[in-house]
Amino acid sequence: MTIYWYQGQLIESPTIELDIYDPGFLYGATVFTTLRVYHSSLDHSLTNWTAHCDRLQSSLQAFNWVQPDWLNVRQGVEMVAKYYPVLRITLFGDGRELIIGRNLPPDLAALQQHGVTTVVASPEFTRSLPNHKTGNYLSPLLAKSSIPGITAQEGILVDGEGNWLETCTGNLWGWRDGYWWTPPLEVGILPGIMRSQMIKWLETEQIKVKQEAWTKELVTGFEAIAYSNSVVEIIPIHTVHQPTGSLRYNPYHPTLSQLRNFFPA
């Protein structure tokens, strides 16, 4: 059974009907956000419903697109959340809304505990309009397989100088010299909702965070690295494959508990 919400209606179907000239279909001309509904509540602090709405509204305003019926959007989210814990809200330029759902990854607990393998992508794989979540996600999709012969669960996007920016699906965190480090927004990364929440929380816990560019020299000194997003929370990275060789990090580093403590047991 596949259930989704489209234009004010709850639909049970594995397909959707779109005009063949729809810009969302032809060009990925949509904006979206993906959220995890904690304890079946949009008002839970970790669900952070308001921040997700703000993200969508900001992009719509920047593109001069039509605002949707936000009551419809909220109603659709509440309906689909009855069936799925993870929701993707997609908005079209003309004000249409599409809300689909999925389950959490079945191996999420193992990934959170043991970490994943990543590859450093070629600089050509850049996200379209990096300050916004748009429907054009071809580059991140290709980035995971950008090194022939390497199977990776995530990719790391870089700028023209090889500085690490973000993963295909989240923001980066690294531990060294007694600090947590994360790339700053100014380098051209998505302002992750979970990233923002965690920076504020770490600062209230008197845990220092440095927002500086992740140069090739900086990343070799990290003892542990991880990535975050609103669905998977914190995933350590144990191996980073590069064309010039691989880097190894400790997925069981004790300081990772500082990030995990943000989330309730």
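- Here the side chains of Leu46 and Phe262 are in contact, with some heavy-atom distance below 4.5 Å.
- Shown here for Val73 and Ile89, the closest heavy-atom pair between the two residues is CG1-CG2, 4.1 Å.
- Contacts classified as salt bridge (Lys or Arg N to Asp or Glu O under 4.0 Å) and involving residues 212-235 (residues at least two apart or in different chains) are given here: Arg36-Glu233.
- Using a 4.5 Å cut-off on side-chain heavy atoms (C-beta onward), Trp5 and Asn72 make contact.
- For the salt bridge (charged side-chain N to carboxylate O under 4.0 Å, His left out) test, residues two or more places apart in sequence or in another chain that qualify with Arg96 are Asp22, Asp94.
- Counting heavy atoms of neighbouring residues, nucleotides and ligands inside a 6.0 Å radius, atom CD of Glu205 exceeds 12 of them.
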With side chain to side chain donor-acceptor pair (under 3.5 Å) as the test, would you mind laying out the steps for Ser41 and His39 before giving the verdict? CA-CA 5 Å; Ser41 173; His39 300 290; over 6 Å; no
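- The hydrophobic cluster containing Tyr137, built from Ile/Leu/Val/Met/Phe/Trp/Tyr side-chain heavy atoms closer than 4.5 Å, also comprises Phe32.
- Among Phe222, Trp201, Trp175, the single residue meeting the ring pair (Phe, Tyr, Trp, His ring centres under 6.0 Å) criterion with Trp180 is Trp175.
- More than 12 non-hydrogen atoms from other residues, nucleotides or ligands lie less than 6.0 angstrom from CZ of Phe63.
- For residues 57-69, there are no salt bridge (Lys or Arg N to Asp or Glu O under 4.0 Å) pairs, not counting sequence neighbours.
- In this structure, the ring pair (Phe, Tyr, Trp, His ring centres under 6.0 Å) partners of His114, at least two apart in sequence or on a different chain, are Tyr252.
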May I have the step-by-step check of side chain to side chain donor-acceptor pair (under 3.5 Å) for Arg88 and Thr34, ending in yes or no? CA-CA 4 Å; Arg88 170 172 164 150; Thr34 305; 5.3 Å; no
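- Contacts of Leu165 classified as side chain to side chain contact (heavy atoms under 4.5 Å, CB included), with partners at least two apart in sequence or in another chain: Asp159, Val187, Ile189.
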